[in-house]
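All chains are named by letter (A, B, ...) in the order of the sequence lines, taking the proteins before the strands, and each is independently numbered beginning at 1.
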Protein chains: 2
Amino acid sequence: MQYSCLMAVDRDHVLRSAAALLTRKATATMDEVAKAAGISRATLHRQFAGRDALVRALEALGIEECEAALDAARLDDGTAQEAVRRLVGELERSAGLLAFLYTENQLFEGDGQHEGWARIDVRVAALFRRGQESGEFRIDLSPAWLTEALYGLMASASWAVTEGRVAAKDYHHMIVGLLLGGALRREEP
Amino acid sequence: MQYSCLMAVDRDHVLRSAAALLTRKATATMDEVAKAAGISRATLHRQFAGRDALVRALEALGIEECEAALDAARLDDGTAQEAVRRLVGELERSAGLLAFLYTENQLFEGDGQHEGWARIDVRVAALFRRGQESGEFRIDLSPAWLTEALYGLMASASWAVTEGRVAAKDYHHMIVGLLLGGALRREEP
DNA sequence: TGCATATGAGACAAGAATGTCTCACACGAC
DNA sequence: GTCGTGTGAGACATTCTTGTCTCATATGCA
């Protein structure tokens, strides 16, 4: 019967479709989500009890991908600067989903956010702190702010690409270039 | 009878209250908006035909404050770097409202966004372009991206301050410091 | 072929938010 | 005092979304 396998595959496909749709239209209906996934609303409800459950599943997916990206980026290897570059590269695939979840968290106050985000925040902030302690990064910008700025730049870049204001191929360089180097021109690159 | 005067005062007060509330809870109800403004839902409906009208009025207010900030910042005076610093300072008061409108624009696709934003985008992008042409800013980051990044950093900083992750007093330095200088430590500040 | 399971389509009620309406009341002007 | 105007409170219908339900159908396995 291959219960778990079939279920898992469908579930993942639905989640991907939902993420792609909600990234563009955060207020999409359950009916629209179902149509986007190519299934009926009834089936969508059978897999996710309700809209909340769907969003929470997306959140879990986002956290999972984030932590996978954090692992793959090997934040403790090499210089902090190199680690940041790797991290942005690893997170690029999930940028749309993360942008959606980022605003979703701002949108609905309270309810206490998922502990997973706190774990991720800690790891990213630790990377920036490591860069400060090694002398790579300036110390007048707190790790918390650099972490927040990374999220914000990723979301902005994701939207800008979606709306065609910037080119998708520049995604990585735009974020890393600005986050690390800033807009000012320097003598020695 | 002082028609216009009284109406204008109330209208402005309602808009300010709505902006303050919607900044924290973007999905607030018309009833909540009315309560926040200290008026009844009926009166709110008399001033703004509906939720759309309210949001569009807030958008007009945001555009107005943005353009006022652009004027006050005298973008053509002095170095581009100084102009950016002045601009961020002038926009700080409106940061919450602008963060709300920024996400609102991402949230509801299509419907064609207000032309005012295009005018503002042009002016901000022109500032970054001026900085590039004068040799102050690096040229591998497009003015369009720098503009988008400014919005994203302002929104991120606004949320981070609201949620207490960073201090409000650091707002200006966080944005300007990162946008212009980036995270990397430099030999000559 | 026969059976089980998952799905799609649609009906249905419940809830929330909106927009419109009426009515009573307070306030200021005359 | 009286009138006109704006306001608050609340009722009401409407709309949209959601969540649950039933039933017919297709797909896969024995």
What's the NE2-C1' distance between H13(A) and dT7(C), to the nearest Å?
-> 15 Å
Could you state the CZ-P distance from F48(B) to dG19(C), rounded to the nearest angstrom?
-> 13 Å
Round to the nearest Å and state the distance from E32(A) atom CD to dT17(D) atom P.
-> 7 Å
Contacts of E92(B) that satisfy side chain to side chain donor-acceptor pair (under 3.5 Å) - sequence neighbours left out = none
Does the T29(A) side chain pair with the main chain of E32(A), one donor and one acceptor, at a distance under 3.5 Å?
-> no
Using a distance-only test with no angle check, is there a side-chain donor-acceptor pair under 3.5 angstrom linking S134(B) and E136(B)?
-> yes
Which nucleotides of nucleotides 8-16 of chain D have their base under 4.0 Å from a protein heavy atom (B), which only their sugar-phosphate (S), and which neither (-), written as one string 5' to 3'?
-> BB-B-----
What pairs meet the side chain to side chain donor-acceptor pair (under 3.5 Å) rule with one or both residues in residues 58-70 of chain A, with sequence neighbours excluded?
-> R16(A)-E65(A), E59(A)-W117(A), E65(A)-S94(A), E67(A)-R119(A)
Less than 4.0 Å between a side-chain N and a carboxylate O, is that true for R123(B) and D71(B)?
-> yes
Between D31(B) (CG) and dA17(C) (P), how many Å, whole number?
-> 9 Å
Over how many whole Å does the gap from H45(A) atom NE2 to dG8(C) atom P extend?
-> 14 Å
Non-hydrogen side-chain atoms of F48(B) and V33(B) separated by less than 4.5 Å = no
In whole angstrom, what separates D52(B)'s CG from dT18(C)'s C1'?
-> 11 Å
